[in-house]
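Below: one structure, written as structure tokens.
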Amino acid sequence: MPTATLERAERFSIEAAQTGRSFDISLARPLPLLATGRSPENCPILFVLDSSLTFGTAVERVSMYSAMGALHSAVIVGVGYAGGVFDSLQARTVDFTPETPRDARNPMTSLTGTEYGGADAFLAFLIDELAPAVRDRVPEASADRLMLHGFSLGGLFAAYALLKRPEAFEVFSIIAPSLWWNEFAVLKERQQFVKRLAETSARPRVLVGVGSTEQDDPQTAPAGLDLEDLRATIRWVRMVDAAREFAEDLSTLPLGEVQYVAFEGEDHAGSLTAGTGRAMSFALKLFA
């Protein structure tokens with residue numbers, strides 16, 4: 001049974017005009033401010049990807065903190081898909097991955113599926129279609145303030161969105177990002193990213209987080225997987241090193257703020273909830 005906080009959320013479906021793909025949207029309007037009883041105004045729209053995994057944590061974190069004035073208020077928008085969690089894991093791959101060769105190395109095909117390469121269309125959908133649809137429904141929503149939070153492949157997408165269109169979102173939360181995708185090809189966008197920063201004077205704030213144990217050698221393997229193959233994959237994807245190096249590189253560039261967090265004792269699954277909670281506090285902190 002959902003909590004009272006989550007019972008306030010609205011749900012609707014929307015079809016992307018460019019691709020015809022359908023999305024299951026969850027939307028939580030900000031609570032009135034306890035000090036005044038008034039609804040907040042000009043609230044950023046904060047997109048949380050993988051809403052079946054992230055929306056509940058995001059809304060619970062933000063609702064009371066913002067109502068009490070401990071965080072800025074926001075319109076939380078969960079972007080997901082119809083069906084169960086495992087259906088979503090494959091549906092999301094199309095939207096979260098940049099253009100990718102069909103023969104690109106992917107050791108996780110059983111989870112991701114084999115349909116890739118729709119990140120540009122998905123980014124345009126968020127900015128040009130979903131954001132206006134949310135503004136039509138929510139008077140408190142800002143006309144121009146957007147924030148983005150993604151985990152795992154969603155973290156890859158958030159990193160790609162940052163590098164391609166840094167001016168589109170004022171905050172990018174990049175948690176446990178799958179930077180390894182297509183042989184770390186997303187990092188090749190850096191040169192154009194630097195150029196884009198100069199052209200637009202964009203200064204977004206960026207959070208990069210990862211579970212501190214994500215790169216540790218496992219001692220056992222799930223049924224059906226070879227332990228040595230699993231260890232080789234973990235070493236190749238370099239989850240912790242790659243995230244840290246990405247954040248270190250970003251910190252050398254003219255951005256508003258770059259914060260790197262290794263969530264102590266957390267593996268990839270653990271970084272989901274730890275990272276979503278931290279992302280809400282980072283994105284909406286006062287005096288940012």
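When reading the values below, keep in mind they use all heavy atoms of this one structure, side chains included, and skip hydrogens, waters and symmetry mates.
- Under a 3.5 Å cut-off, the side chain of R135 and the backbone N or O of A143 do form a donor-acceptor pair.
- Between the Q219 side chain and the D217 main chain, a donor and an acceptor come within less than 3.5 Å of each other.
- Environment of OH in Y65: sparse, with no more than 12 heavy atoms of neighbouring residues, nucleotides or ligands closer than 6.0 Å.
- The two residues E99 and N182 come nearest to each other via the heavy atoms O-ND2, 4.1 Å.
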* To do: Please test T276 against H149 for side-chain hydrogen bond (donor to acceptor under 3.5 Å, both in side chains), starting from the C-alpha separation and ending with a verdict.
  => CA-CA 8 Å; T276 300; H149 167 63; 3.1 Å; yes
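- No side-chain donor-acceptor contact under 3.5 Å links E245 to the backbone of A242.
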* **Derivation and outcome, side-chain contact (heavy atoms from CB on, under 4.5 Å), residues R21 and V94** => CA-CA 10 Å; R21 289 177 61 76; V94 178; 4.0 Å; yes
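- The pair R205-E170 does not meet the salt-bridge criterion, since no charged nitrogen lies less than 4.0 angstrom from a carboxylate oxygen.
- Of the possible polar contacts, one joining the T200 side chain to the A202 backbone as a donor-acceptor pair under 3.5 Å is found.
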* To do: Would you please test F122 and F23 for side-chain contact (heavy atoms from CB on, under 4.5 Å) and show each step?
  => CA-CA 11 Å; F122 182 61; F23 298 94; 3.7 Å; yes
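- A donor-acceptor contact shorter than 3.5 Å is absent between the side chain of E214 and the backbone of A176.
- The side chain to side chain donor-acceptor pair (under 3.5 Å) test applied to Q191 returns no partner, not counting sequence neighbours.
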* Derivation and outcome, side-chain contact (heavy atoms from CB on, under 4.5 Å), residues F125 and T19 -> CA-CA 9 Å; F125 162 73; T19 64; over 6 Å; no
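- A salt bridge links R196 and E167; the closest N-O separation between the charged side-chain nitrogens and carboxylate oxygens is under 4.0 Å.
- Heavy-atom neighbours of E15 CD from other residues, nucleotides or ligands within 6.0 Å: above the threshold of 12.
- With respect to the salt-bridge test (charged N to carboxylate O, under 4.0 angstrom), the residues D95 and R92 do not qualify.
- Residues A161 and L148 come closest through the heavy atom pair CB-CD2, 3.9 Å.
- Side-chain N/O atoms of S13 and D24 include no donor and acceptor closer than 3.5 Å.
- By the salt bridge (Lys or Arg N to Asp or Glu O under 4.0 Å) test, E140 pairs with R29, sequence neighbours left out.
- In this structure, the ring of F96 has its center no less than 6.0 angstrom from the ring center of F151.
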* List the steps, then state whether side-chain contact (heavy atoms from CB on, under 4.5 Å) holds for L284 with M147. => CA-CA 10 Å; L284 300 171; M147 300 176 174; 3.8 Å; yes
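- Judged purely by atom type and a 3.5 angstrom limit, T36 uses its side chain to pair as donor or acceptor with the backbone of R38.
- Checked against the 6.0 Å centroid threshold, F169 and F172 count as a close aromatic pair.
- For the residue pair L230 and P222, the shortest heavy atom distance occurs at CD2-CD, 4.0 Å.
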